[in-house]
Participant: 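Right, I'll just put the structure down here and ask away after.
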Amino acid sequence: QVQLVESGGGLVQPGGSLRLSCAASGSIFSINTMGWYRQAPGKPRELVATIASGGSTNYADSVKGRFTISRDNVKNTVYLQMNSLEPEDTAVYYCNYYRFIVGGIRSNDYWGRGTQVTVSS
């Protein structure tokens with residue numbers, strides 16, 4: 001019902017920057033939350049950042065001050081600007097989408113296939 005396609009991953013040196021994009025298509029509701037999660041080898045998937053359609057954001061402590069999430073509601077696209085990248089940021093980054101159907105009840109979560117980010121010298 002909702003398809004998410006990530007792009008922008010790659011190899012970058014420590015201290016460098018990358019900008020990830022996630023384009024959503026399908027049955028997109030105007031009021032929703034999109035975000036980024038990441039999973040490193042042998043580690044559980046963890047929150048990176050989320051942004052609601054109204055602009056409210058949430059960041060993991062590990063990326064605050066370095067990463068910035070933003071979105072274009074017309075394009076149904078969410079971005080993640082990653083600066084001052086560290087080797088610990090190496091992971092597969094996944095785009096996420098959900099919405100609240102009624103008060104307190106979420107829709108299913110939708111996920112992209114992921115894009116690899118590798119931070120290494």
Participant: Going through the checks in order, is the side chain to side chain donor-acceptor pair (under 3.5 Å) test met by S53 and N32?
Facilitator: CA-CA 6 Å; S53 51; N32 61 68; 5.3 Å; no

Participant: State plainly whether one hydrophobic cluster holds both Y110 and V5, where clusters connect Ile, Leu, Val, Met, Phe, Trp and Tyr through side-chain heavy atoms under 4.5 angstrom apart.
Facilitator: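 Cluster IDs for Y110 and V5 differ.
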
Participant: Is the closest side-chain heavy-atom distance between C95 and V78 below 4.5 Å?
Facilitator: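 Contact flag for C95/V78 side chains = yes.
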
Participant: CG/L80 to OG1/T115 distance, rounded to the nearest 0.5 angstrom?
Facilitator: 11.0 Å

Participant: If you round to the nearest 0.5 Å, how far is OG of S121 from CG of L11?
Facilitator: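 Going from CG on L11 over to OG on S121, the span is 9.5 Å.
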
Participant: Does a side-chain heavy-atom distance below 4.5 Å link D109 with N96?
Facilitator: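 Counting from C-beta outward, D109 and N96 do come under 4.5 Å.
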
Participant: Report the distance from atom CG of N76 to atom OG of S25, rounding to the nearest 0.5 Å.
Facilitator: 8.5 Å

Participant: What residue among Y97, Y98, Y37 forms ring-ring contact (aromatic ring centres under 6.0 Å, His included) with W111?
Facilitator: Y37

Participant: Report yes if some heavy atom in the side chain of S62 is under 4.5 Å from a heavy atom in the side chain of R38; otherwise report no.
Facilitator: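 Heavy-atom side-chain distance check passes, below 4.5 Å.
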
Participant: Got T90 and Q116 here, is their nearest side-chain heavy-atom distance under 4.5 Å?
Facilitator: yes

Participant: For L47 and A60, which heavy atoms make the closest approach, and how far apart are they?
Facilitator: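 Minimum heavy-atom contact is O-CB, 3.3 Å.
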
Participant: Name the orientation class of the two ring planes belonging to Y93 and F67 (parallel below 30°, tilted from 30 to 60°, perpendicular beyond 60°).
Facilitator: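 The rings of Y93 and F67 sit tilted, inter-plane angle from 30° to 60°.
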
Participant: Would you give the length of the straight line joining atom OH of Y59 to atom CD1 of I69, rounded to the nearest 0.5 angstrom?
Facilitator: 6.5 Å

Participant: Quick one: pull up CG in L4 and OH in Y94 and give me the separation to the nearest 0.5 Å.
Facilitator: 13.0 Å

Participant: Scan for salt bridge (Lys or Arg N to Asp or Glu O under 4.0 Å) pairs involving residues 3-19, sequence neighbours excluded, and state none if there are none.
Facilitator: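 Residue pairs with at least one partner in residues 3-19: there are none.
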
Participant: What heavy-atom pair brings A40 and A91 nearest, and what distance separates the two atoms?
Facilitator: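 Taking A40 first and A91 second, the nearest heavy atoms are N-CB, 3.8 Å.
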
Participant: Do V117 and M82 make a side-chain contact, defined as non-hydrogen atoms from C-beta onward lying under 4.5 Å apart?
Facilitator: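 Sidechains of M82 and V117: in contact.
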
Participant: For R66 and D89: C-alpha separation, side-chain torsions, deciding distance, then whether side-chain contact (heavy atoms from CB on, under 4.5 Å) applies.
Facilitator: CA-CA 11 Å; R66 299 188 298 120; D89 296 316; 2.8 Å; yes

Participant: According to salt bridge (Lys or Arg N to Asp or Glu O under 4.0 Å), who are the partners of K43, at least two apart in sequence or on a separate chain?
Facilitator: none

Participant: Do V12 and V48 share a hydrophobic cluster, counting only Ile, Leu, Val, Met, Phe, Trp and Tyr and linking them when any side-chain heavy atoms are less than 4.5 Å apart?
Facilitator: yes

Participant: Can you tell me how far the CD atom of Q3 sits from the OG atom of S27, to the nearest 0.5 Å?
Facilitator: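 Atom-to-atom, Q3:CD and S27:OG are 13.0 Å apart.
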
Participant: So, R71 side chain and I51 main chain: donor-acceptor pair closer than 3.5 Å or not?
Facilitator: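 Yes: the side chain of R71 pairs with the backbone of I51.
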
Participant: Using a 4.5 Å cut-off on heavy atoms from C-beta on, say whether the side chain of D72 contacts that of Y79.
Facilitator: yes

